[in-house]
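The structure under discussion appears below in the form of structure tokens.
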Amino acid sequence: VTFVYGGGVLNNDQLFADYGFVEPNNKHDVSQLISEKTDKPTLHGTSGLGLDQEGIHTALAAFTTTMEEDEILLKTTTGFEAKSIQFRLEKKKAMNRALQV
């Protein structure tokens, strides 16, 4: 059995807020970061953030933990705290993937 949430086009912000989980390596996270910011309504109510490489580096630097620290924390936490750390880790991974585009 396969469940497809939101037609399979939701980024992790939407999945976490609406359903309480994140999809590892969600391709829609990268598009959210680099797609042009718009005020026009979109299919799922989100637009891109329009970040360039400098903006992505700035956003990554604003985190108080590293990806390695988050991975260690995931081994010792459970419940909502673990889900929150997983969400943060996936955001960092998406930003690193966006830097490769």
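Within the structure, every pair that satisfies the salt bridge (charged side-chain N to carboxylate O under 4.0 Å, His left out) test and touches residues 59-72, not counting sequence neighbours, is listed here: Asp70-Arg88, Asp70-Lys92.
One N or O on the side chain of Asp52 and one on the backbone of Gly55 form a donor-acceptor pair closer than 3.5 Å. Proximity of a side-chain donor or acceptor of Glu90 to a complementary backbone N or O of Pro24 within less than 3.5 Å is not detected. When atom types are taken as modelled, the side chain of Asp29 and the backbone of Lys91 share no donor-acceptor pair closer than 3.5 angstrom. Put simply, the side chain of Ser35 never gets that close to the backbone of Gln32: no donor and acceptor are under 3.5 Å apart. Checking side-chain atoms of His28 against main-chain N and O of Gly8 turns up a donor-acceptor pair under 3.5 Å.
Under the 4.5 Å side-chain heavy-atom criterion for Ile, Leu, Val, Met, Phe, Trp and Tyr, Phe3 and Val22 are members of distinct hydrophobic clusters. One hydrophobic cluster, built from ILVMFWY side chains closer than 4.5 Å, cannot hold both Leu89 and Phe87; they sit in different ones. Linking Ile, Leu, Val, Met, Phe, Trp and Tyr whenever their side-chain heavy atoms come within less than 4.5 Å puts Leu51 and Leu60 in one cluster.
In this structure the side chain of Arg97 reaches within 4.5 angstrom of the side chain of Asn25, judged on heavy atoms. Residues Ile34 and Ile56 have side chains in contact (heavy-atom distance under 4.5 Å, counting atoms from C-beta outward). Two residues are said to be in side-chain contact when any heavy atoms from C-beta on lie closer than 4.5 Å; Ile85 and Thr65 fail this criterion.
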*Would Leu33 and Met95 satisfy side chain to side chain contact (heavy atoms under 4.5 Å, CB included), going step by step from the backbone distance to the final call?*
CA-CA 7 Å; Leu33 292 168; Met95 289 178 191; 3.8 Å; yes
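Between Met67 and Asn96, the shortest heavy-atom distance links the atoms SD-ND2, 3.2 Å. Tyr5 approaches Leu15 most closely through the heavy-atom pair CB-CD2, 3.9 Å.
When ring centroids are compared, Phe80 and Phe16 come within the 6.0 Å threshold.
Separation of atoms CG (Asn11) and CG (Leu49) is listed at 8.5 Å; rounding is to 0.5 Å.
The side chain to side chain donor-acceptor pair (under 3.5 Å) test applied to Lys83 returns no partner, not counting sequence neighbours.
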